[in-house]
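In what follows, a structure is listed as structure tokens, so that the remarks can point back to it.
Values in this document were obtained by computation on a predicted structure and should not be read as measured data. Heavy-atom basis, side chains included; hydrogens, waters and symmetry copies ignored.
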Number of protein chains: 4
Amino acid sequence: MTTSARPEPQDPNEAARAVRTEWRSRQLLTAAARLMERNGFHGVSMQALADEAAVSVGLIYRYFGNKDELLLAVIVNVLEAFAGQVPAAVEAAGDDPVEQVAAAFRAHCEVIDEHRHAAVLTYRESGSLSTEGRNKIKDMEIATSDPLRSAIRDGVAGGRFVDVDVELVTHDFLLMAHGWALKHWHLERTLQFHDYVAKQTALMLGALLAPEHRDDYRHLVAPT
Amino acid sequence: MTTSARPEPQDPNEAARAVRTEWRSRQLLTAAARLMERNGFHGVSMQALADEAAVSVGLIYRYFGNKDELLLAVIVNVLEAFAGQVPAAVEAAGDDPVEQVAAAFRAHCEVIDEHRHAAVLTYRESGSLSTEGRNKIKDMEIATSDPLRSAIRDGVAGGRFVDVDVELVTHDFLLMAHGWALKHWHLERTLQFHDYVAKQTALMLGALLAPEHRDDYRHLVAPT
Amino acid sequence: MTTSARPEPQDPNEAARAVRTEWRSRQLLTAAARLMERNGFHGVSMQALADEAAVSVGLIYRYFGNKDELLLAVIVNVLEAFAGQVPAAVEAAGDDPVEQVAAAFRAHCEVIDEHRHAAVLTYRESGSLSTEGRNKIKDMEIATSDPLRSAIRDGVAGGRFVDVDVELVTHDFLLMAHGWALKHWHLERTLQFHDYVAKQTALMLGALLAPEHRDDYRHLVAPT
Amino acid sequence: MTTSARPEPQDPNEAARAVRTEWRSRQLLTAAARLMERNGFHGVSMQALADEAAVSVGLIYRYFGNKDELLLAVIVNVLEAFAGQVPAAVEAAGDDPVEQVAAAFRAHCEVIDEHRHAAVLTYRESGSLSTEGRNKIKDMEIATSDPLRSAIRDGVAGGRFVDVDVELVTHDFLLMAHGWALKHWHLERTLQFHDYVAKQTALMLGALLAPEHRDDYRHLVAPT
DNA sequence: CATGAATGAGGGTTCATTCAT
DNA sequence: CATGAATGAACCCTCATTCAT
């Protein structure tokens, strides 16, 4: 991530190893997320995890110091996805705060949909973390929600939005994004992912947009 | 739910016993909820629970068959509170679906605030339940959300609300209600319970109310 | 040990329980010592210990917090036997430092013979202890050897003994006492316990006694 | 012990390899002794040993079949040092059994001082050995103590020493020699190695020498 | 009713050992 | 020769559950 001096691993062996290491790590992370969503952190034994990932128990400990660190890694993995995708989406949305809000929300939802198993753990299992881990998560969560928060604030300041509690509305958007994962088993019976995003966007913008701007965002509000 | 067949305990001893039994049961339930919110279901040992409730381990098993049943009882306890308070609140709100929605949401929030420890367990620990228990919970949850759902449907049908996806909006309201428990540690820094309810109500009604009715509900939408 | 107010346990149940607790504790301690002498601290699993003592693994943890504490308890148990028997033996030996030395050495040997399994652990396994435990042991060992040390010092000061390094000779006596346990498998082929004590006493007094006093202690030196 | 059949390595490469092999082996042995003294046999993992010796885990298994064999090799290494140095020292001491005893004891102490880390393992970890290994050790220990035993026996037979139990006195001398390693942390605070040897020699000869010969060995007995 | 000593299956974790590279 | 990733048995410990008192 931060290496600059070492241009490329010269030794092909080393490169191959790094690739395999990365692959294993990801494999374990996904297996863990999948299992933990179903049975909860405490409901998943290391043996079960090893079986699911088709490796031995001992190997898991070469990649993650212990079970707690594994959970932390699963969660951090999601949060890093937010950090990677959300700011990019907002930037691509241009200067209009309304478009930015919609883009940010959509990006959040997409990350959650991609990491659906792991995303619920953020809500459910953060209590199983060490204090240290919990703090790390909290910091990342706040940073993660920042683009969305800023866009909302800009929208209010610029008069596009009515005068709402920015913090609360941010919280609402995040809740809705996570809602897709939390109640996925219930929602997917009637909704496709894109419907969910579109409808929720329309709903929230319906609440937020100042009356005089409402007509400007037909393309966002329409499909409800 | 409440036994009706058994007419009345004749023996005053039996009555006293029933009272004590009821009291013990409630004491254990609250102790369990308090502990489990902090440490999670698996983080609370029966011994710790016995200590917290100042009884012996063995006694717990006279009231609840096993640990799973105890968790189930804790959760059912909350859901029963919904069943008790929400319909009453809706009824008291009169015939206007908008008022009904506001009342139902407020009632949900109040139950959650009163049972804040137990409410999070609904989200976090339902995975620790047996399939049977999980199904029971799901059924109760759906029943619980029914008054709210009906009111929303009525609002849409009567033209008070814009044409939204009733199921989704129900889901949103419930999510917001639970949000008060889920992110309580974060929200309470800036918001009182009543502000939370009022602002969320205003926001959602802002989104739902048809333009021609918006002015009729100033008292609900204003305090944003 | 320190109770003074509570004269006797009134409740016979409580008394009975205390007796059983004491008995269990002692049973576990002996089993642990026996096994650990043979296989070493790390060579004995808690399961093996449970089997030997005919109890369940879990029960051991009601009496000793963990395996380390168990080892500590085994060792402390021996050292307490020294503290109980050695000073008494010295006192019973009268005022003559030579008699005191002989009595102290004999007492040491007797404790070691009685706790032969555990005595070797003092030497072999003190490294497996926590720093805290190790310090406790060291303190007790020093205190334990004090009567012997004092008697030797008195003997030198009073001219009964030649001018030796008191600390070193104390160390030698202790080493000889422990030697009975350390090389018991080898020694017992040719020596009874009493011969061992008598011969070692004679040898050491032969080295220590000043020539002019040698004849006074025929009864101690003779049987070599 | 030392191969004699294989005449000489013809190939210079093979010679170089043999040297490196010997060097590696010795390096591993000392690393193992150092680590095991501190943490005990079970407290040292093969990984830790590999790290300490700056080789890979796998390589250790090219030199020693398994961990037990490694421990055995460490211990045998000390015992071979005894076999190498003690007889030589006795021979160099001339024909006088008293001088021989003193020389043998000194040689024992020197070996132990040189191999202090490994010497304690002889006492502490012999229980971790296989029966086979344990027997090998016992045989070597007996053989090792033979020069000392013979000298003592000669001293008694020749009237230089009083009539003592030869086996027991041998045992005492060995115990004293090992005492330097066993309680080194305690003794070194007040004694140098040479003081220890001299004082212990003086003490034991004081006990052993027949009265009519005592004046002949002032140079050995004096420095007490 | 109430207690808490006792059980033992199951969990997380370590580490000696192997083997493909 | 040398490496270190991979294995899995075995360890220590916890805790839901039972039952004699």
Side-chain angles (χ1 to χ4, degrees), chain A residues 12-14 16-17 20-21 24 41-51 53-70, chain B residues 13 17 20-21 24 41-51 54-70, chain C residues 12-14 16-17 20-21 24 41-51 53-70, chain D residues 13 17 20-21 24 41-51 54-70:
Chain A
N13 271 356
E14 191 179 330
R17 187 169 49 200
R20 195 176 47 185
T21 293
R24 268 278 151 77
F41 175 68
H42 289 100
V44 178
S45 69
M46 295 303 269
Q47 183 60 63
L49 178 52
D51 292 349
V55 298
S56 67
V57 215
L59 191 62
I60 304 178
Y61 287 86
R62 282 189 82 79
Y63 290 84
F64 305 95
N66 55 38
K67 206 186 174 188
D68 288 356
E69 278 184 27
L70 177 57
Chain B
N13 272 356
R17 181 160 21 142
R20 191 173 50 182
T21 292
R24 270 272 158 80
F41 175 67
H42 288 98
V44 178
S45 68
M46 296 301 266
Q47 184 61 64
L49 177 54
D51 292 349
V55 298
S56 68
V57 228
L59 192 60
I60 303 178
Y61 285 84
R62 293 213 155 267
Y63 290 84
F64 306 95
N66 56 39
K67 204 187 175 187
D68 288 355
E69 279 184 26
L70 176 57
Chain C
N13 272 356
E14 191 180 330
R17 187 170 49 201
R20 196 175 46 186
T21 294
R24 268 276 152 79
F41 176 68
H42 288 101
V44 177
S45 70
M46 294 305 267
Q47 185 59 65
L49 178 52
D51 291 348
V55 297
S56 67
V57 211
L59 192 62
I60 304 178
Y61 287 86
R62 282 189 82 80
Y63 291 84
F64 305 96
N66 55 41
K67 205 185 174 190
D68 288 357
E69 278 183 26
L70 177 57
Chain D
N13 270 356
R17 180 156 27 137
R20 193 174 48 182
T21 292
R24 270 274 158 78
F41 175 67
H42 288 99
V44 178
S45 68
M46 296 302 265
Q47 184 59 64
L49 178 53
D51 292 349
V55 298
S56 69
V57 229
L59 192 60
I60 303 178
Y61 284 84
R62 293 215 154 265
Y63 289 84
F64 306 95
N66 56 38
K67 205 186 173 188
D68 288 355
E69 279 184 26
L70 176 57

> Mind checking who F:dA16 pairs with, Watson-Crick or G-U wobble, both distances under 3.5 Å?
Replying inline: E:dT7

> Where the side chain of D:Lys67 is defined as all heavy atoms beyond and including C-beta, which of F:dA16, E:dT17, E:dC1 is the nearest nucleotide?
Replying inline: E:dT17

>> Using every non-hydrogen atom in the two residues, find where A:Glu69 and A:Phe64 come nearest and quote the distance to one decimal.
In response: OE1-C, 4.1 Å

>> Using Watson-Crick or G-U wobble geometry with both distances under 3.5 Å, which nucleotide pairs with E:dT14?
In response: F:dA9

>> Testing the basics here: between A:Ser56 and A:Ala50, what is the closest heavy-atom pair and its distance to 0.1 Å?
In response: C-CB, 3.8 Å

> If pairing requires Watson-Crick or G-U wobble contacts with both distances under 3.5 Å, which nucleotide is the partner of F:dC1?
Replying inline: none

> Quick one: which of E:dA16, F:dA9, E:dG12 gets closest to the side chain of A:Val57?
Replying inline: F:dA9

> Rounded to the Å, how far apart are A:Ile60 CD1 and E:dT14 C1'?
Replying inline: 14 Å

> So what does B:Tyr63 touch, heavy atoms closer than 4.0 Å: a base, only the sugar-phosphate, or nothing?
Replying inline: sugar-phosphate

> Rounded to the Å, how far apart are B:Leu49 CG and E:dG4 C1'?
Replying inline: 15 Å

> C:Tyr63 and C:Thr21: side chain to side chain contact (heavy atoms under 4.5 Å, CB included), yes or no, with the steps?
Replying inline: CA-CA 8 Å; C:Tyr63 291 84; C:Thr21 294; 3.8 Å; yes

> Which of the following nucleotides, E:dA2, E:dT17, F:dT3, is nearest to the side chain of B:Arg24?
Replying inline: E:dA2

>> So, OP1 or OP2 of F:dC13: does either fall under 4.0 Å of a side-chain N or O from C:Ser45?
In response: no

> Rounded to the nearest Å, what distance is computed from the NE2 atom of residue A:His42 to the P atom of nucleotide E:dG12?
Replying inline: 9 Å

> Considering only side-chain heavy atoms of B:Tyr61, which listed nucleotide, E:dA16, F:dG4, F:dT18, is closest?
Replying inline: F:dT18

> Does A:Leu59 or C:Met46 map to a spot on DNA chain F nearer the 5' end, using the closest nucleotide for each?
Replying inline: A:Leu59

> Atom CD of A:Gln47 and atom C1' of F:dT7: how far apart are they, to the nearest Å?
Replying inline: 11 Å

>> Give me the atom names and distance for the closest heavy-atom approach of A:Lys67 to A:Phe41.
In response: NZ-O, 2.9 Å

> For the pair made of CG in D:Asp51 and C1' in F:dG4, what is the distance, rounded to whole Å?
Replying inline: 11 Å

>> Both A:Val44 and C:Arg20 contact DNA chain E. Which one's nearest nucleotide lies toward the 5' end?
In response: C:Arg20

>> By nearest heavy atom, map D:Phe41 and C:Val55 onto DNA chain E; which one lands nearer the 5' end?
In response: C:Val55

> Taking for each residue the nucleotide of DNA chain F bearing the nearest heavy atom, is the 5' side occupied by C:Asn66 or by A:Ser56?
Replying inline: A:Ser56

> Measuring from A:Gln47:CD to A:Ile60:CD1, what's the distance to the nearest 0.5 Å?
Replying inline: 8.0 Å

